[in-house]
Student: 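Below: one structure in structure tokens.
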2 protein chains.
Amino acid sequence: MALRHAVLAALLDEELSGYQLAKAFDMGVANFWHALPQQLYAELAKLEKEGLVTGREVVQDTRPNKRLFQVTEAGLAELQRFAATANKPSFIRDDLLVKVQAADHVGAGKLIAQLTERAAFADAKIELFGGLLRQMRGDRSEEEFLRHGERIGPYLTCQRGLAFEQGNRDWCRQTAAILRERTAHVRR
Amino acid sequence: MALRHAVLAALLDEELSGYQLAKAFDMGVANFWHALPQQLYAELAKLEKEGLVTGREVVQDTRPNKRLFQVTEAGLAELQRFAATANKPSFIRDDLLVKVQAADHVGAGKLIAQLTERAAFADAKIELFGGLLRQMRGDRSEEEFLRHGERIGPYLTCQRGLAFEQGNRDWCRQTAAILRERTAHVRR
DNA sequence: AGTGATTAGTCATATATTTGAGTATCACGG
DNA sequence: CCGTGATACTCAAATATATGACTAATCACT
């Protein structure tokens, strides 16, 4: 039940609408938490009812109006309380890994294609995250920024996301290569 | 809805009881899928009803009796069908990353402690996975094994688990170090 | 002789998440 | 001037996952 805390954490640095939040959860924030738009709207409504965030209507001429949310003091307090609680072990859920677990029984062709596709996807994320990191640290070096920057939280989690995707890409490529080699060998 | 497929994949190489499966999901298999015992028992019951696995009672003198499950041909077919479907992007859910995202607002002490704890946990998993990999490849070299071994699926996913935990450990250590340095600096 | 851990599960309930279908406005390309 | 896609949401229902409480035997110890 940490979706609420993920939302609070995402709203710490900027005021966002549900829609923007959904976009963020589909990119950067999704590094560490995954959720669909519907969930986010529902969670924001609950958080507002509980006074952990406040929304304000922003009237737009050219676009539908939106509601921007920001974390209240109570919200920050809740996040601080959460930060002090024991954490559950992180977990991954990945279709592709399930398939590779069954690799010896399921035909390598489709698997190789999926591994290749995933590697390409990981590459795209690596570039995206690289860009985000550069943007966050500006003209400072990484070390400089991490030592003296004001908001390093998002930077640190983005670093983890980057490393994760690099690991993903490397493993996908290597695994695909191994499967290719084996099928080539078997065919003869 | 890939829990069923994770269960099938886990049962491919050995006949297991629900209890053993739960253990496996708490260790190796949990690399790529996470589930509680209750879920596994429920899923096994459903899979049996649908004819994707068959269970057989094993009477034990010294322990309570158990039911061992194995994948049927229909189960294997279902897994093969699944292996050919598009995969959803993998996702992580991690309390600790949420907390680090909020690092600039929540007090570093607790965070550093949790990062250190997580790094130690990752270390334990690294050792465990290293041992599992050695066991699986026996006296063969890794390259030899991956080229000519019979069942490499579990080996490949375990490799991914190992790399993930190494990344986890490194990031936790580095992040903890950065937070420590910053608090030391601020205190002055 | 009693306590706690391990094996081997079951049941009920609550919460979280996903699936699917809608609503409405505006911008842009052809 | 029509379709496509983006912005900005909402609602209902189905499914998956998590929480908590149980049973019951055996082992390893103190």
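Not measured: the values here are computed from a predicted model. Quick note on labels: first sequence line is chain A, next is B, and so on, each numbered from 1.
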Student: I'd like to know if B:D123 and B:R173 make a salt bridge, using a cut-off of under 4.0 Å between side-chain N and carboxylate O.
Tutor: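 Result for this pair is yes, salt bridge flagged.
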
Student: Would you call A:E150-A:R140 a salt bridge at under 4.0 Å N-O?
Tutor: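 Yes, A:E150 and A:R140 are salt-bridged.
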
Student: Do A:L97 and A:W171 have side chains that get closer than 4.5 Å, going by heavy atoms?
Tutor: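 A:L97 vs A:W171: side chains touch.
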
Student: Any side-chain heavy atom of A:K23 sitting closer than 4.5 Å to one from A:L16?
Tutor: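 No. Closest side-chain heavy atoms not under 4.5 Å.
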
Student: Give me the ring orientation class for A:H5 and A:F82: parallel if the planes are under 30° apart, tilted from 30 to 60°, perpendicular past 60°.
Tutor: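 Ring orientation, 0 to 90° scale: parallel.
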
Student: Can you list everything that forms a salt bridge (charged side-chain N to carboxylate O under 4.0 Å, His left out) with B:R63? Sequence neighbours excluded, please.
Tutor: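 Result, salt bridge (charged side-chain N to carboxylate O under 4.0 Å, His left out) vs B:R63: none returned.
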
Student: Any salt bridge linking A:E50 with A:K46? Criterion: basic side-chain nitrogen under 4.0 Å from a carboxylate oxygen.
Tutor: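 No, A:E50 and A:K46 are not salt-bridged.
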
Student: Using a cut-off of strictly less than 4.0 Å between a heavy atom of the residue and any atom of DNA chain D, enumerate the qualifying residues of residues 75-84 of chain B by number.
Tutor: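 Output list: empty, so none.
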
Student: Is the shortest side-chain N to carboxylate O distance from A:E78 to A:R81 below 4.0 Å?
Tutor: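 Salt bridge between A:E78 and A:R81, a charged N being under 4.0 Å from a carboxylate O: yes.
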
Student: Answer yes or no: is there a side-chain heavy-atom contact under 4.5 Å between B:F129 and B:E165?
Tutor: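 Of all side-chain heavy-atom pairs linking B:E165 with B:F129, at least one is under 4.5 Å.
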
Student: Please say yes or no: joined through hydrophobic side-chain contacts below 4.5 Å, possibly via intermediate residues, are A:F145 and A:L162 part of one cluster?
Tutor: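 Looking at the clustering, A:L162 is in the same group as A:F145.
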
Student: Across the strands shown, which category fits B:R4 at heavy-atom distances under 4.0 angstrom: base, sugar-phosphate, nothing?
Tutor: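 Touches nothing.
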
Student: How would you give the extent of chain A contacts on DNA chain C, as first and last nucleotide 5' to 3' within a 4.0 Å heavy-atom cut-off?
Tutor: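 Listed 5' to 3', the contact boundaries are C:dA16 to C:dA27.
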
Student: Using a strict heavy-atom distance below 4.0 Å, which residues from residues 35-56 of chain B are in contact with DNA chain D?
Tutor: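 Output list: B:L36, B:Q38, B:Q39, B:K46.
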
Student: Nearest 0.5 Å please: distance from the CD atom of B:Q159 over to the CG atom of B:L146.
Tutor: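 Rounded to the nearest 0.5 Å, the CD-CG separation comes to 5.5 Å.
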
Student: Give me the first and last nucleotide of DNA chain D, going 5' to 3', that has any atom under 4.0 Å from a heavy atom of chain A.
Tutor: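 Using the under 4.0 Å cut-off, the span is D:dA6 to D:dT19.
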
Student: Could you list by number each residue of residues 61-71 of chain B showing a heavy-atom separation from DNA chain C of less than 4.0 Å, or answer none if no residue does?
Tutor: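 Hits under 4.0 Å, by residue number: B:R63, B:P64, B:N65, B:K66, B:R67.
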
Student: If hydrophobic clusters are built from ILVMFWY residues whose side chains come within less than 4.5 Å, do B:F121 and B:L128 share one?
Tutor: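 The answer is no; the residues belong to distinct hydrophobic clusters.
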
Student: What's the shortest heavy-atom distance between B:A84 and A:K110, and which atoms?
Tutor: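 Minimum heavy-atom separation between B:A84 and A:K110: CB-NZ, 3.8 Å.
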
Student: Donor-acceptor check, side chain of A:D104 to backbone of B:G153, threshold 3.5 angstrom: yes or no?
Tutor: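 Yes, the answer is positive, given that a donor and an acceptor are paired below the 3.5 Å cut-off.
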
Student: Applying a strict under-4.5 Å side-chain criterion to I, L, V, M, F, W and Y, I'd like to know whether B:F69 and B:Y19 cluster together.
Tutor: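 Result: no, two separate clusters.
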
